[in-house]
Number of protein chains: 2
Amino acid sequence: MKTEATTDGRLLRGEATRERVLDAAERCFGERGYDDVSIRQIATEAGVTLGVIGFHGGSKLELFRTVLTRRVETLNAARRKRLADLMSRQDRPDLRSLIDAYLTPYLEIASRGDQQWRSYARLIARIATDDRWYAEMRPLYDPVAHEYLAIIGRIHPNAGPEKLAAALTLTVASMLALVASRIRISGLSEMPDRGSPLQYREMLVDFCAGGFEKMLR
Amino acid sequence: MKTEATTDGRLLRGEATRERVLDAAERCFGERGYDDVSIRQIATEAGVTLGVIGFHGGSKLELFRTVLTRRVETLNAARRKRLADLMSRQDRPDLRSLIDAYLTPYLEIASRGDQQWRSYARLIARIATDDRWYAEMRPLYDPVAHEYLAIIGRIHPNAGPEKLAAALTLTVASMLALVASRIRISGLSEMPDRGSPLQYREMLVDFCAGGFEKMLR
DNA sequence: TGACAATTTATACGCTCGTACAGATACTCT
DNA sequence: AGAGTATCTGTACGAGCGTATAAATTGTCA
């Protein structure tokens, strides 16, 4: 008996609570992963009672999946828009611009003032190494990845699909690491952290573009 | 009341069991992380009763730390040996050889026939995105990383310590991704997986070397 | 062989977990 | 006002968790 969202204010009554629940879950999951978070902690974080979580979020697994899915389209749209902008300006954009277009939207959401988006970005980075969740993520993110790969493949016709896929996988891994493990950079260099992933954008894009080029050469 | 390992066969009586416990824990943690594994599951996996885990492994946290620490020195030694070999042959080795020396030992253990080493490599890759465990890993792996960075820094004197640290962090992230998320390559390219991380060695080293070079240029 | 220590078994305790649900409350529409 | 639905509260249940420990077993050495 799911409540369909309407505008008449009737069925929207609990929508604000639902948002609070999803936001709280997003923060908790982003900070501590799936297993280390309990529904009771999410309830406390959201400022609601235990039963409300089940009422609005379903089971823990359903809640997690909802959080995973909720923001995907926004991110995909940003990546598609950047790609379209790029292609409208030049027919054969250079590799670095393509990689920049793919990476920047994620860096931006991970650096936003909005803490919810930061939590979501953190969550994606966290679960990326877990096969258990990869199956859920794949259909959400693969289509856009394929669009990028198709264009990169057109520019580098000598590179086979496996090399292209490998290069993008390593690129994504680097991108996620910048969000999930940024402390390591400051830890290794003994310099203070720059504060947000976006401020490492040039380094990251350089690294990935250089890697792509060398691999496809 | 810790049993010191001796050779007289007396105090070694339970050593075989201890190994079985640690091996089982390594497999479980490597496959499902920390929180999703229970001591009872480890006991079943090891073929011992519940109490034995506590007797030989201490608390769950102690057990996990022991598993994390157990194999570090072997890996560090392999990396140091490769670096020494490289330096004995040439005073200024090229960047690609240095990165290859750092990455290959890990790829090798992750590709070994020995399942325990594979589980350990998987475990490292899995927890790398978790700040909770990074603090434990840092003192174990940072020293060797610094040795490599010192030499790379000598070859590229114009690169600051932050760029060096960032490049190595992204390199390590790529390396771990190859162990933890190799399915993604076959998933994106719709080609069969090559079977072991070591068979992607050239791609990985190319990618990281290319990234390093472009970043430090 | 018998004393003694190391190891293993079996069980119990106090918690927290995810889930379910009956009842209370708030809101909407007739 | 009153019926009816949506939302929220409070509580309970069974299961599994990490840990501790008494008792049983095994092995060692005097």
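Everything numeric in this text was worked out from a predicted model, so none of it was measured. In what follows, chains carry the letters A, B, and so on, assigned in the order in which the sequence lines appear, proteins first and then strands, with residues in each chain numbered from 1.
Residue contacts for B/Gly51: at a heavy-atom cut-off of 4.0 Å it reaches a base atom on one of the strands shown. Across all strands, B/Val37 comes closer than 4.0 Å only to sugar-phosphate atoms, never to a base (heavy-atom distances).
Checked against D/dT9, C/dT8, C/dT19, the side chain of B/Thr49 finds its nearest nucleotide in C/dT8. The B/Thr17 side chain lies nearest to C/dT8 when the options are D/dT11, C/dT8, D/dT9. Listed nucleotides C/dA20, D/dG18, C/dT8 differ in distance to B/Arg40; the shortest reach to its side chain belongs to D/dG18. If you check D/dC8, C/dT19, C/dT8 against the side chain of A/Leu50, the one that comes closest is C/dT19. The side chain of A/Gln41 approaches C/dC17 more closely than any other nucleotide in the set C/dT7, C/dC17, C/dT19.
In this structure, A/Ile53 atom CD1 and C/dG18 atom C1' are separated by 12 Å, rounded to whole Å. B/Arg20 has its CZ atom 12 Å from the C1' atom of C/dT8, to the nearest Å. When the C1' atom of C/dT8 is taken as reference, atom CD of B/Glu15 falls 16 Å away, rounded to whole Å. Across the protein-nucleic acid pair, B/Ile39 atom CD1 and D/dC17 atom C1' stand 9 Å apart, rounded to whole Å. C/dG18 atom C1' lies 15 Å from atom CG of A/Asp36, rounded to whole Å. Here the P atom of nucleotide D/dT7 and the CD atom of A/Glu19 are 14 Å apart, to the nearest Å. We find that CG of A/Leu63 is positioned 14 Å from C1' of C/dT19, with the value rounded to whole Å. For the pair B/Phe55 CZ and C/dA5 P, the computed distance is 14 Å after rounding to whole Å.
An OP1 or OP2 oxygen of C/dT8 is reached within less than 4.0 angstrom by a side-chain nitrogen or oxygen of B/His56. A close approach under 4.0 Å does occur between a side-chain nitrogen or oxygen of B/Ser38 and OP1 or OP2 of D/dC17.
Using modelled atom types and a 3.5 Å distance limit, the side chains of A/Arg27 and A/Gln116 yield a donor-acceptor pair. Residues A/Tyr120 and A/Asp114 bring no donor and acceptor atom of their side chains to less than 3.5 Å of each other.
Formation of a donor-acceptor pair under 3.5 Å by the A/Asp100 side chain with backbone atoms of A/Arg201 is not found in this model.
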Exercise for the section: Walk me through it: do A/Ser181 and A/Arg184 pass the test side-chain hydrogen bond (donor to acceptor under 3.5 Å, both in side chains)? Expected result: CA-CA 6 Å; A/Ser181 322; A/Arg184 232 174 284 180; 3.3 Å; yes
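Both cation-pi conditions hold for A/Lys60 and A/Tyr34: the charged atom is under 6.0 angstrom from the six-membered ring centre and inside a 45 degree cone around its axis.
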